[in-house]
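Working notes, beginning with the structure itself.
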Amino acid sequence: GAVVSQHPSWVICKSGTSVKIECRSLDFQATTMFWYRQFPKQSLMLMATSNEGSKATYEQGVEKDKFLINHASLTLSTLTVTSAHPEDSSFYICSARGGSGAYNEQFFGPGTRLTVL
Amino acid sequence: AQTVTQSQPEMSVQEAETVTLSCTYDTSESNYYLFWYKQPPSRQMILVIRQEAYKQQNATENRFSVNFQKAAKSFSLKISDSQLGDTAMYFCAFISQDNYGQNFVFGPGTRLSVLP
């Protein structure tokens, strides 16, 4: 299957700083990318959906100004956690889909573990 | 809105035995896809098997097969000849076929332990 990478795989930062996480589709063009958050021993919670060249669509309860998503190209989406606080510590996963239809498989990145001190 | 339920938070099975993981879902749509994903300790999400709702035949992938009961909105996963490497969280997921850009709806997961 296609490969999606995330960088960094883990990051530790101080409270109040901003952290950027990159999600790249390595061998296909991703028209749609998704960002998930996963707490320990829980399921994936969708945060937002982004389509290349347009603004991201955020799920209810997700702060747009705190979690900035940019999908500037067909192979790269970024999630920036602004003014991070300890409660933002979590595992963040992106996925990418090549086509617009639901039949197009989503490929998941390996995730990024964020720890805010 | 669609919902996905997995009623077994944890399960265990002896190596080489067979285990079935349950999943039920709720939707008013007729065209959709169902998936089982595996998340091992590495936390990389891995597609195990997928089923198109319009297909009556149950999907199979080597040791993995599903029992898809559309009327009952049930989508169970059977793992045959369980291996130690099957130890993981298993998530059942639903996605609508009709809506552009539609996202997955994941169940809460079942933690499967394969015992030697």
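Please read all numbers here as calculations on a predicted model, not as lab measurements. Residue numbering restarts at 1 for every chain, and letters A, B, ... go by the order of the sequence lines.
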Go through the atoms of [X] and report whether side chain, backbone, both or neither lie under 4.5 Å from a heavy atom of chain A.
| X | answer |
| --- | --- |
| B:Ile46 | neither |
| B:Tyr32 | neither |
| B:Gln6 | neither |

A:Leu46, part contacting chain B, at a heavy-atom distance under 4.5 Å:
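Answer is side chain: those atoms of A:Leu46 sit under 4.5 Å from chain B.
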Compute the centroid of each ring, for A:Phe67 and then for A:Tyr58, and state whether the two points are separated by less than 6.0 Å.
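No, ring centres 6.0 Å or more apart.
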Residues of residues 69-77 of chain B with any heavy atom under 4.5 Å of a heavy atom in chain A
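Checking residues 69-77 of chain B against chain A gives no residue, so none.
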Kindly compute the distance separating [atom1] ([X]) from [atom2] ([Y]), expressed to the nearest 0.5 Å.
| X | Y | atom1 | atom2 | result |
| --- | --- | --- | --- | --- |
| B:Asn67 | B:Leu21 | CG | CG | 13.0 Å |
| A:Gln38 | A:Met45 | CD | CE | 10.5 Å |
| B:Lys78 | B:Asn58 | NZ | CG | 10.0 Å |

Are A:Glu22 and A:Lys20 ion-paired here, with the side-chain N under 4.0 Å from a carboxylate O?
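The answer is no: the pair does not qualify as a salt bridge.
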Look at the aromatic rings of A:Tyr36 and B:Phe106 and report parallel, tilted or perpendicular, splitting at 30° and 60°.
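Ring orientation, 0 to 90° scale: perpendicular.
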Using the ring of B:Tyr33 (Phe, Tyr or Trp, six-membered ring only), decide whether B:Arg50 places NZ or CZ under 6.0 Å from its centre and within 45 degrees of its axis.
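Pair B:Arg50/B:Tyr33 counts as cation-pi.
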Here's a test for you: under ring pair (Phe, Tyr, Trp, His ring centres under 6.0 Å), which of B:Tyr90, B:Phe91, B:Phe64, B:Phe104 qualifies with B:Tyr37?
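Going through the options one by one, the only one that passes is B:Phe104.
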